[in-house]
Amino acid sequence: MWSILLMALAGLLIGGAYTFYQQKTPRWIPIGFAFLAVLSLLAAYLMTYAAGK
């Protein structure tokens, strides 16, 4: 259940990164959003992997 929510959060963060990139905000803002999205996907993967063991 949590892994699905983390994947949804990653999708929202990627959308935010893309939106901020289009708005010509400082470069660190979309990079930060993308980094948090990657961390969210990694956490979802690790939770799914740990549940299978």
Side-chain angles (χ1 to χ4, degrees):
M1 175 69 181
W2 285 106
S3 59
I4 294 171
L5 292 175
L6 285 170
M7 285 185 231
L9 176 64
L12 290 173
L13 287 168
I14 288 294
Y18 182 68
T19 300
F20 282 124
Y21 177 75
Q22 283 186 333
Q23 293 178 4
K24 306 288 191 233
T25 56
R27 181 70 65 194
W28 64 271
I29 295 175
I31 290 174
F33 270 73
F35 179 71
L36 290 175
V38 168
L39 287 181
S40 179
L41 285 175
L42 180 64
Y45 172 75
L46 290 175
M47 289 180 73
T48 303
Y49 180 74
K53 283 195 157 196

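Below, each value reflects all heavy atoms present in this structure, side chains not excepted, and no hydrogens, waters or symmetry copies.
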Working to the nearest 0.5 angstrom, can you tell me the gap between L9 CG and L5 CG?
9.0 Å

In this structure, CG of L13 is separated from CZ of F20 (nearest 0.5 Å) by 10.5 Å

Same cluster or not: are Y49 and L42 linked, directly or through other Ile, Leu, Val, Met, Phe, Trp or Tyr residues, by side-chain heavy atoms under 4.5 angstrom apart?
yes

Side-chain donor-acceptor contacts of residues 29-41 below 3.5 Å, not counting sequence neighbours, with atom names and distances?
residue : atom : partner : partner atom : Å
S40     : OG   : L6      : O            : 2.6

